[in-house]
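Presented below is the structure to which this report refers.
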Amino acid sequence: MNCQPKVLMIYTGGTIGMVNDFHTGELKAFDFNHIYSHVPELKELNISLTSESFDQPIDSSEITIKDWELIGEIIVKNYDDYDGFVILHGSDTMAYTASALSFMLQGLKKPIILTGSQLPIGTIRTDGKENLFTAIEIAAKKGDDGEPLVQEVAVYFEYSLYRGNRSSKISANQFEAFKSPNFTRLAVAGINIDYKIEHLFRTKKEKLEFFPSFSNEIALLKLYSGINFSFYKHLFDSKNIKAIVLETFGSGNAPSDQVLHQLLTDYIHQGGIVLNVTQCQSGSVVQGKYETSSFFKKIGVIPGADITTEAALTKLMYLLGKNYTTEEIKQLLQKSLVGEMTL
Ligand code: ASP
């Protein structure tokens, strides 16, 4: 009997799956069915690996809601047959996909680990091999009770495992490309992999639930000093844009600008939802702490606590896709559904 843990790798695209073409010198995606010839060390892992690949691997900037659905469908179809899943994905939008999957696939009892690399796996100084091997090891890891140790969507990059919906890409060129500024790392890889057991997410749901229909009737408005709000009037149209994520200053502050105040008041009055997140890399929104955020509290802007922008946007897409009422969405935005915020 083969008792090796079984891991399914899903290759969506990105730098990790690229090699140098000897003839042209260009980087191009290799056929993932031939992964063993590019990374023969995978055979030494004592893990049974299977791979599936997008028909046309894509740069992660091209990822859409349809691709999240496709990844979700592949996982649901194979959920019972594997101990864990590794998704190979470009790093640029990995935090969005990780956040989206955490809302899309609830009740997880198995790991879904996203990884990628800054240098192609076929280059000498690649970070891709370590990222790939350790992500696979984490996806296969069992706890003392024989159950998968990690039971959530996570991002593994450069010796660190992060909760997916807490992660953000922070560097375009460093190997240490991710951080989860408001939540501790779930594991740190050194000679051993040191898991922070008490911080691993555990679902209260009995079974896996799959919610693939996301709605993108939302907008993101980042404040900046000197902003002319009249230019943004078209955003505050609740018929087309059901919710707006407002990236504010510091702990949730905005200028006391009459145009902004009027736009927000009317928009919320018409049933629009506004979620206040900070544009700082870390920390939390506390509405009412300063005079410059008291107005938000008064008119019903929802404080996003320490949620990342990536998680805020995908949470809204998920909630709007589920056809909740506006009131229900406002309530759920203030709850942590899958560990995405600290309350
Ligand atoms: N542009 C690439 C992508 O996100 C970068 C990477 O693979 O990390 O698909």
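Keep in mind that the numbers below use all heavy atoms, side chains included, and drop hydrogens, waters and symmetry copies. Note that this is a predicted model, so its numbers are computed, not measured. Just follow the structure's listing: the first ligand is 1, and inside any ligand the first atom is 1.
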Side-chain (Q287) to main-chain (V301) donor-acceptor, under 3.5 angstrom: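 Yes, Q287 side chain to V301 backbone: donor-acceptor pair under 3.5 Å.
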Please check if the side chain of T115 supplies one atom and the backbone of L132 the other of a donor-acceptor pair under 3.5 Å.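 It does not hold such a pair.
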Give yes or no for whether the N/O distance cutoff of 3.5 Å, strictly under, is met between [X] and ligand 1.
X	answer
S117	yes
S61	no
K169	no
S91	yes

Protein contact of atom 4 (O) of ligand 1 - nearest heavy atom, named by residue and atom, plus distance: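 Closest protein heavy atom to atom 4 (O) of ligand 1: S60 OG, 2.6 Å.
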Under a 3.5 Å threshold, yes or no: a donor from one side chain and an acceptor from the other, between D266 and Q270?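 No donor-acceptor contact under 3.5 Å links the two side chains.
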When you measure from atom 1 (N) of ligand 1 to each heavy atom in D59, L88, T12, which option holds the nearest one?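 Comparing heavy atoms across D59, L88, T12, the nearest one to atom 1 (N) of ligand 1 lies in D59.
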Compute both the distance and the angle, then confirm whether K110 meets the cation-pi test with Y79: under 6.0 Å from the six-membered ring centre, within 45 degrees of the axis.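 Pair K110/Y79 counts as cation-pi.
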Is there side-chain contact between S171 and E176, with heavy atoms separated by less than 4.5 Å?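 They are not in side-chain contact.
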Distance filter under 4.0 Å to G14 heavy atoms, resulting ligand 1 atoms: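 Numbered from 1, ligand 1 contributes 7 (O), 9 (O).
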Which ligand 1 atoms are under 4.0 Å away from a heavy-atom of T15?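 Listed by number with element, the hits are 2 (C), 5 (C), 6 (C), 7 (O), 8 (O).
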After noting the C-alpha distance and the side-chain angles of L101 and I87, does the key distance pass the side chain to side chain contact (heavy atoms under 4.5 Å, CB included) rule? CA-CA 11 Å; L101 292 177; I87 301 172; 3.6 Å; yes
Tell me which part of A177 gets within contact of ligand 1: side chain, backbone, both or neither, using heavy atoms under 4.0 Å.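 The answer is neither; A177 stays 4.0 Å or more away.
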Residues, nucleotides or ligands: over 12 heavy atoms within 6.0 Å of F211 CZ: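 Counting other residues, nucleotides and ligands, CZ of F211 exceeds 12 neighbours.
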